[in-house]
Amino acid sequence: MFLINIDHIGIAVHDLDGALAEYRRQYRVEPVHRQIVESQGVEEAMIAVGGSHIQLLQPRSEDSPVGKFLASRGEGMHHVAYAVVDLDAALEHLRAEGVRLIDQEPRIGGGGARIAFVHPKSLAGTLIELVESP
Ligand code: CMX
Ligand code: CO
């Protein structure tokens with residue numbers, strides 16, 4: 001299969017500093033990486049867990065994807081990100097299977113990885129992100 005790992009699980013939060021403080025207090029973990037990704041309208045922090053990560057997402061505006069999600073659903077799991085070896089091949093395959101892609105072409109996400117999103121209506125109400133690490 002072309003899914004090789006769970007790269008991260010994205011969790012929408014109102015307050016990134018507050019959520020990180022709670023992760024530190026409850027689980028004694030620190031973020032390995034934190035950055036603003038303007039193209040996605042978020043400030044994000046990555047916490048390493050085993051071979052994968054938790055990605056905490058705070059929206060930069062109310063009309064961004066995570067801002068709208070928080071307004072309608074509140075804090076919680078936002079997406080699952082799978083690692084792939086070849087993102088172009090994965091998108092080509094999904095297109096051929098008639099799967100509804102949000103991104104027709106890869107874009108650059110946090111950490112410089114190539115990413116693309118697949119619509120939650122395509123599979124079990126789950127927003128999926130595909131990640132090809134640099
Ligand atoms: N998970 C599951 N379902 C979701 C969802 C999510 N994260 N976000 C929206 N939906 C559902 C809505 O509940 C709605 O369902 P109903 O029609 O049954 O009510 C449906 O999808 C359409 O929702 P919408 O409000 O009309 O659409 P939005 O304008 O909110 O867009 C989506 C939804 C997924 C297309 C948009 O959020 C998107 O393009 N996401 C990809 C980019 C992204 O999420 N970036 C932030 C993360 C960045 C990162 O990981 O680095
Ligand atoms: Co993500």
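Each ligand, and each atom within it, is numbered from 1 in the order the structure gives.
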Would you say the side chain of [Y] lies within less than 4.5 Å of the side chain of [X], judging by non-hydrogen atoms?
X     : Y      : value
Ile9  : Val49  : no
Tyr82 : Val131 : no
Phe69 : Leu127 : no
Ile54 : Tyr27  : no
Val84 : Leu3   : yes
Glu75 : Leu70  : yes

Top protein contact for [atom], by heavy-atom distance:
atom                    : result
atom 33 (C) of ligand 1 : His119 NE2, 4.9 Å
atom 20 (C) of ligand 1 : Lys121 CE, 3.7 Å
atom 2 (C) of ligand 1  : Gly125 O, 3.2 Å
atom 28 (P) of ligand 1 : Lys68 NZ, 4.0 Å
atom 44 (O) of ligand 1 : His78 CE1, 3.1 Å
atom 32 (C) of ligand 1 : Ile102 CD1, 4.2 Å
atom 41 (C) of ligand 1 : Phe117 CG, 3.6 Å
atom 37 (O) of ligand 1 : Pro65 CB, 3.4 Å

Angle at the Co ion (ligand 2), OE1 of Gln55 to NE2 of His79, rounded to 10 degrees, please.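 Roughly 90°, rounded to 10°.
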
What does the angle at the Co ion (ligand 2) come to, between atom OE1 of Glu129 and atom NE2 of His8, rounded to 10°?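 That angle works out to 90° after rounding to 10°.
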
Short side-chain to backbone donor-acceptor contact, Arg95 and Gln104, under 3.5 Å: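 Checking the backbone N and O of Gln104 against the side chain of Arg95, a donor-acceptor pair under 3.5 Å is found.
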
Would you confirm whether Ser52, through its side chain, and Asp7, through its main-chain N or O, come within 3.5 Å as a donor-acceptor pair?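 Yes.
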
Does the side chain of Gln55 come under 3.5 Å of the side chain of His78 through a donor N or O and an acceptor N or O?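 Looking only at side-chain atoms, His78 and Gln55 do not form any donor-acceptor pair under 3.5 Å.
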
Any chain of hydrophobic side-chain contacts (each under 4.5 Å) joining Leu20 to Met77?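 Yes, same cluster.
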
Polar-atom distance check: Arg107 versus ligand 1, any N or O pair below 3.5 Å?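 By distance alone, the answer is no.
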
Does Asp17 form a salt bridge (Lys or Arg N to Asp or Glu O under 4.0 Å) with Arg34? I'd like the steps, not just the answer. CA-CA 11 Å; Asp17 289 325; Arg34 178 172 178 160; 3.0 Å; yes

Under 4.0 Å from a heavy atom of [X]: give me the atoms of ligand 1 that qualify, with their elements.
X     : value
His79 : 47 (C), 50 (O)
Gln40 : 42 (C), 43 (C), 45 (N), 46 (C), 48 (C)
Glu44 : 51 (O)
Gln55 : 49 (C), 50 (O), 51 (O)

Is_contact([atom]), protein non-hydrogen, under 4.0 Å:
atom                    : value
atom 39 (O) of ligand 1 : yes
atom 24 (P) of ligand 1 : no
atom 51 (O) of ligand 1 : yes
atom 9 (C) of ligand 1  : no

Test item, Arg73 contacting ligand 1 (heavy atom, 4.0 angstrom):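 Arg73 counts as a contact of ligand 1 under the 4.0 Å cut-off.
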
Got a sec: is Glu44 within less than 2.8 Å of the Co ion (ligand 2) via an N/O/S atom?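 Of the N, O and S atoms in Glu44, none lies under 2.8 Å from the Co ion (ligand 2), which means no.
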
I'd like to know: is the Co ion (ligand 2) within the 2.8 Å range of an N/O/S atom from His78, strictly under that distance?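 Within the cut-off used here (under 2.8 Å), His78 places no N, O or S atom near the Co ion (ligand 2).
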
Sequence neighbours left out, what passes ring-ring contact (aromatic ring centres under 6.0 Å, His included) with His53? Give chain and number order.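 Testing His53 for ring-ring contact (aromatic ring centres under 6.0 Å, His included), a comparison that skips the adjacent residues, returns none.
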
With a sphere of 6.0 Å drawn around CD of Gln35, does it hold more than 12 non-hydrogen atoms of other residues, nucleotides or ligands?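 Atom CD in Gln35 is crowded, with more than 12 foreign heavy atoms closer than 6.0 Å.
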
Could you tell me whether Val66 approaches ligand 1 through its side chain, its backbone, both or neither, with non-hydrogen atoms closer than 4.0 Å?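 Near ligand 1, Val66 shows its side chain, while the N, CA, C and O stay back.
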
Could you tell me which non-hydrogen atom of Leu57 sits nearest to which non-hydrogen atom of Gly10, and how far apart they are?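 For Leu57 versus Gly10, the nearest heavy atoms are CD1-CA, 4.2 Å.
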
